[in-house]
Amino acid sequence: MSVTIHNCQMECGGVFLGACALTLSGNDPSHPTSARKSVCAVQPAPITLKYLIPRSMDSVSEYKFQALDMETQNMLKEALNDPKTVDLEKLSNTIVNQSLKDITFCKDAGRICYALVQAETQKAATSVFRRNLLTRLQQEFTAREETRNRSLQEWVCLVTFICNMFDYIKVNSAPIVALVDPVYDCLFRLAEPDSLMNEEEVDCLVLQLHRVGEQLEQKNSRRMDQLFYLVRDGFLLQEGISSMTRLLLLEILEFRASGWTLTDTAQQYYYSEVAD
Amino acid sequence: MSKHQTYRHENDYKTEENGNKDLSRWSHGRKRGADGSLRRSHRVEESGKDQRSQSSRRPDIFTTPESEGPVSRIKNWGDEVEAEEMRTNVHCDMHRYRRRILAADIPPRDRKTSSGSSDSRESWDSKDSPAKGEMETDEAILMRRQKQINYGKNTLAYDRYIKEVPKHLREPGIHPKTPNKFKKYSRRSWDQQIKLWRVGLHKWDPPAEEGLELQQIEEIDLGEIMDFELDVEGSANTETESQNPASSGVSLSLPEDSFTGTPKKMMKIEDAEML
């Protein structure tokens, strides 16, 4: 998979860069570095992504139990022990509500939900929690445009949460097929011109693509292609977006081109602190 | 006339449904969308199903040749996931079953010594066909059968039954056995087996608090909804006779006094399989 951008004139961070051929090829690791160096010869990568995008997606962190109130924490522990004793619908609603408010909780919510679904399947042979969770998610998803208009933060939380569910909750070890298109819909929305102007939304877009991009592509590669056309166009043509945004988009373009993995050169370019 | 219209109806919806999924491939250069309205942009449109159904005036349910009945356009994620789960479970079952058949195939069997034995492997051979071609593999059929089995297994009676009687202690006449969804049966035969199985499971129903009266009412109700007749006297093979001495299933049109007294037909489980 290669992304080829020829003869483009870009304004990057206030410095006008001359036209050049910039080729990103997954098969030729030597290219990106040299091309990039010629593009950014005047101004090296202004900032590193090191602190923005966590390199390890599986970083072990303690469950953000503190984000939940005591009652919910207890409910959670009981549910993991014996799902039948707990009002699972209420629990699922509480978890969703908290996730929509608190982005740091969002990430842990995926693991918590996974644990609950497993517990219920194994101990009670029912799937009440999962069903309630999905129904609520579907409602939120349907109302996403209003949510976005009301609060960018909540919208970003929603996308993060849906992607987390897609990542963690599997059906017989396969991703939930019903979530594939909704996740794509969210990402497409994030890649639209108005969203690219907001660093929050771009952040979310690239983060989720790092996390679930590969799985999504396996399920529907055509939509992934289309999504990346939008990303590429945004990177090249959109005026007024910040250099950080451009950097984020460039990184994700390259990430996908290398087969959803970070090559050493890319690692060095984007994530190291040493300036060229 | 109406048939033709229905066909066209279904065809249109099917095309639209497909068209919406394949937006860019087939309609990339088109000015208008499938519903006739001008496209807003050349880029991919939002494919949120709900939004589409709100903005266009298309009905929310439709019937396609593949679906079993009217299908809602707005799918419920919960339902979809459960259906998907059932599908993958059925496929797992199918692979496991195939392996079991092939494994049982290899050593030669001595039928004479295995009659009456409750070893599941040996009791297969008389009815099972090792050849793959005679196993049911149609997904729609397997899904439907699995659903019926799930209804039965979801009951309190089934839970109590499996706790009470472990598999190796089961006896053919007395203990109900879940019908094998992978064997080839006609629709009627299968439905019959399911009914008999579920009736058999009632023996393990949790005890009713109201006492005997309720039991009798339940049995008579059972009689009304079943449209086959039970063998209540004689033959030892039918498991149902011990559970339903008071009722003989009749179709709704027969008079009340058919409940007591000799049923018109006698049917054994083996006969049900022959249907």
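Note on naming: letters A, B, ... go to the chains in the order of the sequence lines (proteins, then strands), and numbering restarts at 1 for each one.
Summarising the local packing, NZ of A:K170 is surrounded by more than 12 heavy atoms from other residues, nucleotides or ligands at distances under 6.0 Å.
Remark: B:E164 engages B:W204 in a side chain to side chain donor-acceptor pair (under 3.5 Å) (not counting sequence neighbours). Residues satisfying the side chain to side chain donor-acceptor pair (under 3.5 Å) criterion with B:N150, sequence neighbours excluded, are B:Q146.
Heavy-atom pairs under 4.5 Å with chain B were tallied for A:L137, A:I176, A:L227, A:N220; the largest tally goes to A:L137.
A:V177 is not listed as a side-chain neighbour of B:E80, based on a closest heavy-atom distance of 4.5 Å or more.
Residues of residues 147-161 of chain A having a heavy atom under 4.5 Å from any heavy atom of chain B: none.
Within the model, atoms CG of B:N76 and OG1 of A:T135 stand 5.0 Å from one another, a figure rounded to the nearest 0.5 Å.
Across A:L133, A:L134, A:L179, A:I169, a single residue satisfies side chain to side chain contact (heavy atoms under 4.5 Å, CB included) together with B:V81, and that is A:L134.
The shortest non-hydrogen separation linking A:P182 to B:W77 is CG-CZ2, 3.3 Å.
Contacts classified as salt bridge (charged side-chain N to carboxylate O under 4.0 Å, His left out) and involving residues 119-133 of chain A (residues at least two apart or in different chains) are given here: A:R130-B:E85, A:R131-B:D79, A:R131-B:E82.
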